[in-house]
Amino acid sequence: MDKKIIAQILHEIGVLLELKGENQFKVRAYQNGARAIEMLNEDIKQLVKTGKIEEVKGIGKTLVENITELVTTGDLKYYHELKSSVPEGLLEMLKIPGLGPKKVFKLYETLSISTIAELEYACHENRLLDLKGFGPKSQENILKGIEHIKKFQGQFIYRDVYSQAEKILAKLKECQEINEASIAGSLRRFKEVIKDIDLLASSEKPGQVMEYFIHLPQVAEVISKGETKTSVILDTGINVDLRVVAPDEFYSALHHFTGSKEHNTTMRYQAKNLGIKINEYGLFKGEKRIIVNSEEEFFQVLGLQYIPPELRENMGEIEIAEKGQLPNLVNLEDIQGIFHIHTNFSDGINNLEELVLEAKQAGFKYLGISDHSQTAVYAGGLKIEAIKRQREEIQNINSQHQDFYVFHGIEADIHADGSLDYRDEILALFDFVIASVHSGFNISGERATQRLITAMENPYVTMLGHPTGRILLGRKGYEPDMEKVIKAAKENNIIIELNASPYRLDIDWRYLKYAKEMGVKISINPDAHRKEELYDTIFGIKMARKGWLAKDDVFNTMTVQEVRDYFNKRKKGYESSV
DNA sequence: GCCGTTTTCGGCCCGACTGTTTTCAGTCG
């Protein structure tokens, strides 16, 4: 059992205790404990074995016992007892805006409501009206919330939200009463999935700003409106929160509203040690406010290096910033070329030449073509004859372009047993081979892990494609043990793909830091099926930054000559071993 | 439930807004 699952269980215990009306500080202790475990660098089994787990801050006597039970038996009796005492539907009900643990439990206790469906029915029957703490407004809002959840499941992928946020922001900047405005929240932190848009503005006249905001043409409904905080729903169904602060509060507020909540919490502890209090209006030493004129200055006051928004997830960034050792994060300009491109030989829309022209225009120096392999019949996977034809076409293109190079690769399907879709002598024809899973998703995590590892042990494989097969908000993917997969990549000298399709963003950024520490290179691949999708590379860059990657950690920041040398060296490696 | 050199007891991060109240609990970020 790895630390991620342990952290999840501790977190869930916290939520369950909250639902049962337990002491809020006990709840917090479990949630702090969950975070502490998540942030560990060491192997948790080892920590338990050596007893060092007791030394972890936030883990006391009870949590040590619980964690030890989880690690040694793979289970926790207390967790099961707790879980069985709380109906599962109550956790679902927490997703309805305006409903927190107290109210959910009250509904359960007094009206025996334990699912969203039951709650919806009860609202239609007006049964919430007599309940203390509830009234007609809350009943109405709950129904709206349920409708919203059903319609949109309450979440959106980054790409679909960002352009909307930019448009609203541009409109705000036109408002004369606004001094400064910015995107904040999870969108500013480049989270792959977004719940709502957070915007921040500064003004002397917040009331007028709010009036201006709610009358924007995209606004479909006003949820709440105050002097400093207003929430609306756009015609596209997404929530937007606008906060307005005084001009000299802007940068400390920007930090506050960018979050994450966990990052802010740790920042407050950090500040407290220096005798400074942080709230959304600024930094305070006693009664006296310390005014800052940029976010850089905000961090400086607290003795920290500037932490870019994408790193603010409480994954050790504050500690490292204190030492001044944050990485210099990779940029789009560092990318020399891109791999994992589909042409009309398989399921891509464009031909090779169209893709090359677009790539040149985008400033790339090389492309790595990788169409589907023969088993992927649905996607027009390449038969042997087509491979040879494509090879000739690529050689032809390469002879025409002096300042651009096309590498010939393949996206080879990984079969259920981990074997690849072509014989070795066919795989040997390519400059590079991306091994990916496209079928048989319903396997255990253990089998998925073994399947990927077996594929990576094939000496002809260069890269592992979209390691979990997830589709954001759509498909969970097979759930391999990513730490084992990354270790195997290291042992077999395999590059791991960060699939930059906004629907995938797979490998998950949460594992990038580990891959970096292990010295496994990451390739940011757009998985483009049409020329416009070459530009999806930017979403991969955002995730790479979120995962702490610097230029040197990313394979396709290498020049065309460096890539050629790398592939040639690999080829020699397996030619001599075969 | 966790923590600690002012403490082994009594604290634990902070504030806005809503809907319910008639001064505030609950939710949210």
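Computed from a predicted structure; not experimentally measured. Protein chains get the first letters and strands the later ones, always in sequence-line order, with residue 1 at the start of each.
A gap of 13 Å separates the P atoms of B/dT21 and B/dG26, to the nearest Å. Using C1' as the reference atom, B/dC12 and B/dC17 are 24 Å apart when rounded to the nearest Å. Nucleotides B/dC24 and B/dT20 have their C1' atoms positioned 9 Å apart, rounded to a whole Å. Taking atom P in both B/dT23 and B/dC28, the straight-line distance is 25 Å, to the nearest Å. Remark: the separation of the P atoms in B/dG1 and B/dT5 is 23 Å, to the nearest Å. Atom P of B/dC2 sits at a distance of 24 Å from the matching atom of B/dT6, rounded to the whole Å. The P atoms of B/dA16 and B/dG11 are separated by 24 Å, rounded to the nearest whole Å.
Summarising the geometry, the separation between NE2 on A/His256 and C1' on B/dC14 is reported as 7 Å, rounded to the nearest angstrom. Here B/dG15 presents its P atom at 9 Å from OH of A/Tyr281, a figure rounded to the nearest Å. Between the OH atom of A/Tyr30 and the C1' atom of B/dC12 there is a distance of 17 Å, given to the nearest Å. Taking atom CG of residue A/Leu107 and atom C1' of nucleotide B/dT20, one finds them 15 Å apart after rounding to whole Å. The distance between atom NZ of A/Lys225 and atom P of B/dC28, rounded to the nearest whole Å, is 22 Å. Rounded to an integer number of Å, the gap from A/Lys103 NZ to B/dG26 C1' is 6 Å. Spacing between atom CG of A/Leu10 and atom P of B/dG1 amounts to 13 Å, rounded to whole angstrom units. Whole-Å rounding puts the A/Arg312 CZ to B/dG29 P distance at 19 Å.
Within the nucleic acid shown, A/Asp196 comes within 4.0 Å of sugar-phosphate atoms alone, with no base atom in reach, counting heavy atoms only. Contacts of A/Glu227 with the nucleic acid, taken as non-hydrogen atoms under 4.0 Å apart, involve only primed sugar atoms and P, OP1 or OP2. At a threshold of 4.0 angstrom between heavy atoms, the contacts of A/Ile13 with the nucleic acid are absent. Residue contacts shown for A/Asn23 include a base, since a base heavy atom lies under 4.0 Å away. The residue A/Lys106 sits apart from the nucleic acid: no heavy atom pair falls under 4.0 Å.
Between A/Tyr78 and A/Phe257, it is A/Tyr78 whose nearest contact on DNA chain B lies nearer the 5' terminus. Toward the 5′ end of DNA chain B lies the nearest nucleotide of A/Lys57, the other residue of the pair A/Lys57 and A/Asp198 mapping further downstream.
Set against B/dG1, B/dT20, B/dG19, the side chain of A/Asn141 has B/dG19 as its closest nucleotide. The A/Lys137 side chain lies nearest to B/dT20 when the options are B/dC12, B/dT20, B/dC2. Side chain of A/Tyr269, nearest nucleotide from B/dC14, B/dC2, B/dC12: B/dC12.
Close to B/dG19, at under 4.0 Å from its OP1 or OP2, lies no side-chain N or O of A/Lys102. Close to B/dC17, at under 4.0 Å from its OP1 or OP2, lies a side-chain N or O of A/Thr228. Of the side-chain N and O atoms in A/Ser138, none sit less than 4.0 angstrom from OP1 or OP2 of B/dT18. Using a 4.0 Å cut-off, some side-chain N or O of A/Thr62 falls inside it from OP1 or OP2 of B/dC2. Distances shorter than 4.0 Å separate some side-chain N or O of A/Ser224 from OP1 or OP2 on B/dT18.
Of the possible polar contacts, none joining the A/Arg312 side chain to the A/Arg189 backbone as a donor-acceptor pair under 3.5 Å is found. The backbone N or O of A/Glu177 sits less than 3.5 Å from a side-chain atom of A/Ser203, completing a donor-acceptor pair. Checked by atom type and distance alone, the side chain of A/Arg289 pairs as donor or acceptor with a backbone atom of A/Tyr281 at under 3.5 Å. Checked by atom type and distance alone, the side chain of A/Glu317 pairs as donor or acceptor with a backbone atom of A/Glu313 at under 3.5 Å. Looking at A/Gln218, its side chain never comes within 3.5 Å of a backbone N or O of A/Ile168 through a donor-acceptor pair.
A/Arg159 and A/Tyr503 share a side-chain donor-acceptor pair at under 3.5 Å. At a cut-off of 3.5 Å, with distance as the only test, a side-chain donor of A/Tyr30 or A/Asn66 sits close to an acceptor on the other residue.
Taking the O4'-C1'-N9-C4 or O4'-C1'-N1-C2 dihedral as appropriate, B/dT7 has a value within 90° of 0 and is therefore syn.
Across all strands shown, B/dT8 forms no Watson-Crick or G-U wobble pair with both distances under 3.5 Å.
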